[in-house]
Amino acid sequence: MHADFDPGVPTTGRVRLRDGRVLAHAEHGDPGGRPVLLVPGAASGGLVTPGEGPLRRLGVRLVTVERPGLGTSDPCPGATFTSVAEDLRELVASLGTGPVPCLAHSQGAPFGLAAAAAGVVSRLVLVSPADEVARPEFRAALPPGFAALVDLAARDPGRAYDAFAGFTAASMFELVLGRVAPADAATYGREDFRAWFRRVLDDGFRQGPDAYARDTVLAVREWGLPLAAIAVPVEVWHGDLDGTHSPDLGATLAARVPGARHRVVAGAGGSLLWSHAEDVLRAALGPAVAPAAAAGETGGAPDLAEAP
């Protein structure tokens with residue numbers, strides 16, 4: 001993580017959707033830069049950013065969406081991955097640039113994949129993505145308590161929703177940052193980062209737990225996404241010490257998307273969006289960004305292993 005991490009002061013925006021709802025977002029980084037869409041993780045909205053430093057250095061205008069019911073976006077009862085992808089289509093259209101690159105972080109991953117399948121984005125980088133844990137091959141690898149919630153969501157989504165609706169910003173903060181793994185300590189252990197992340201969650205829960213609970217029920221059930229139909233470049237990034245987001249560090253997920261690149265960062269945990277911000281941003285920007293520039297600006301390229 002850069003020593004100069006600065007979340008900055010975002011510029012907020014609102015798009016009136018065709019059905020009358022408002023979809024909110026926030027912009028970070030270089031106002032005149034290349035637009036990149038960020039679909040943030042659980043209970044997180046427009047405040048999420050990898051930091052002003054990396055965005056400004058790479059000339060990125062980051063547009064962080066607030067999914068329905070998070071932050072100041074209007075709720076959407078019955079929202080699905082597909083319906084949110086259509087919301088993102090209207091947001092991207094409002095930028096006036098055509099499809100844009102997308103970063104999808106953690107629980108934002110299936111929403112990003114839905115947007116890629118719908119042709120809303122020009123390329124997709126999944127950063128520490130939550131995996132489709134309802135797949136049977138993962139069942140034995142899940143912790144017992146979490147496996148029980150996954151089973152409950154499949155059997156009785158309403159009761160699973162009630163379980164997730166018991167979360168608050170404080171309990172979510174404790175879940176994510178209560179015990180920091182050594183691989184993430186340089187990021188998650190910083191007091192300035194922790195204070196900022198608590199503000200992110202306070203903002204995400206400002207309308208209550210409904211949107212978080214709804215998104216999480218969707219995320220832990222079978223996704224039903226046409227991954228094999230995705231026709232844009234996709235990269236799946238995980239730290240090799242990430243014990244949270246995927247039972248196999250995204251290997252199965254990457255194999256299900258045609259042509260997807262599976263990148264595993266040695267010595268990294270689940271905080272890649274911040275610990276390797278410039279690297280994942282370059283991946284989103286695509287081959288026009290020279291790798292040599294990456295080494296010069298970050299002090300060396302990440303130690304990557306790439307699956308064939």
Side-chain angles (χ1 to χ4, degrees), residues 40-44 81 104-113 126-189 194 197-198 200-201 204-205 209 211-225 227 236-256 262 264-275 305 307:
S44 301
F81 296 130
H105 177 240
S106 189
Q107 196 180 90
F111 297 96
L113 287 163
L126 303 178
V127 186
S128 306
D131 214 326
E132 190 173 359
V133 291
R135 290 181 65 85
E137 62 263 43
F138 292 149
R139 184 63 175 77
L142 301 179
F146 184 50
L149 283 172
V150 172
D151 291 343
L152 179 63
R155 184 176 68 252
D156 190 339
R159 285 182 59 201
Y161 170 92
D162 291 341
F164 293 124
F167 274 86
T168 64
S171 57
M172 180 61 62
F173 181 90
E174 183 61 26
L175 177 68
V176 178
L177 297 187
R179 288 192 292 181
V180 177
D184 293 311
T187 300
Y188 291 166
R194 293 171 70 86
F197 190 69
R198 179 55 196 267
V200 167
L201 295 176
F205 276 96
Y212 163 71
R214 180 209 64 220
D215 282 1
T216 305
V217 171
L218 288 174
V220 302
R221 302 186 78 204
E222 292 186 2
W223 293 350
L225 294 173
L227 301 187
V236 180
W237 285 62
H238 272 283
D240 69 339
L241 301 178
D242 182 350
T244 301
H245 292 102
S246 170
D248 66 356
L249 301 180
T252 299
L253 179 59
R256 296 169 62 203
H262 181 212
V264 179
V265 184
S271 57
L272 287 181
L273 183 62
W274 301 282
S275 65

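The figures that follow rest on heavy atoms only: side chains count, while hydrogens, waters and symmetry mates do not. All values reported here derive from a predicted model rather than from experimental measurement.
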| salt bridge (charged side-chain N to carboxylate O under 4.0 Å, His left out): which pairs involve residues 146-155, sequence neighbours left out? | R139-D151
| Contact list for residues 169-188, test salt bridge (charged side-chain N to carboxylate O under 4.0 Å, His left out), sequence neighbours left out |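 Residue pairs with at least one partner in residues 169-188: there are none.
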| note | d(R221 CZ, L152 CG) to nearest 0.5 Å is 10.0 Å
| task | Drop me the distance from L201's CG to L177's CG, to the nearest 0.5 angstrom. | result | 8.0 Å
Does a side-chain heavy-atom distance below 4.5 Å link [X] with [Y]?
{"X": "P110", "Y": "E132", "result": "no"}
{"X": "V220", "Y": "L149", "result": "no"}
{"X": "D215", "Y": "F164", "result": "no"}

| message | Checking A251 now: which residues fulfil side-chain contact (heavy atoms from CB on, under 4.5 Å) with it, not counting sequence neighbours? | response | D248, H262
| Residues forming a side-chain contact (heavy atoms from CB on, under 4.5 Å) with A219, sequence neighbours excluded |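 Here the qualifying residues are Q107.
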Look at the side chain of [X] and the backbone N and O of [Y], then say whether any donor-acceptor pair between them is shorter than 3.5 Å.
{"X": "S44", "Y": "A42", "value": "yes"}
{"X": "S171", "Y": "F167", "value": "no"}
{"X": "D242", "Y": "T244", "value": "yes"}

| field | Partner set under ring-ring contact (aromatic ring centres under 6.0 Å, His included) for F138, not counting sequence neighbours | value |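 By the ring-ring contact (aromatic ring centres under 6.0 Å, His included) rule, F138 matches no residue at all.
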| field | side chain to side chain contact (heavy atoms under 4.5 Å, CB included) partner of S246, chosen from L126, L253, D131, T252 | value |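 Only match with S246 under side chain to side chain contact (heavy atoms under 4.5 Å, CB included): D131.
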Please work out whether the ring planes of [X] and [Y] are parallel, tilted or perpendicular, with thresholds of 30° and 60°.
{"X": "H105", "Y": "W274", "value": "perpendicular"}
{"X": "H245", "Y": "H238", "value": "tilted"}
{"X": "F197", "Y": "F173", "value": "tilted"}

| note | Of all heavy-atom pairs linking G189 and V180, the shortest is N-CG1, 4.3 Å
| If you look only at pairs with a residue in residues 156-166, which of them pass as a side chain to side chain donor-acceptor pair (under 3.5 Å), with sequence neighbours excluded? |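 Matches after skipping sequence neighbours: Y161-D210.
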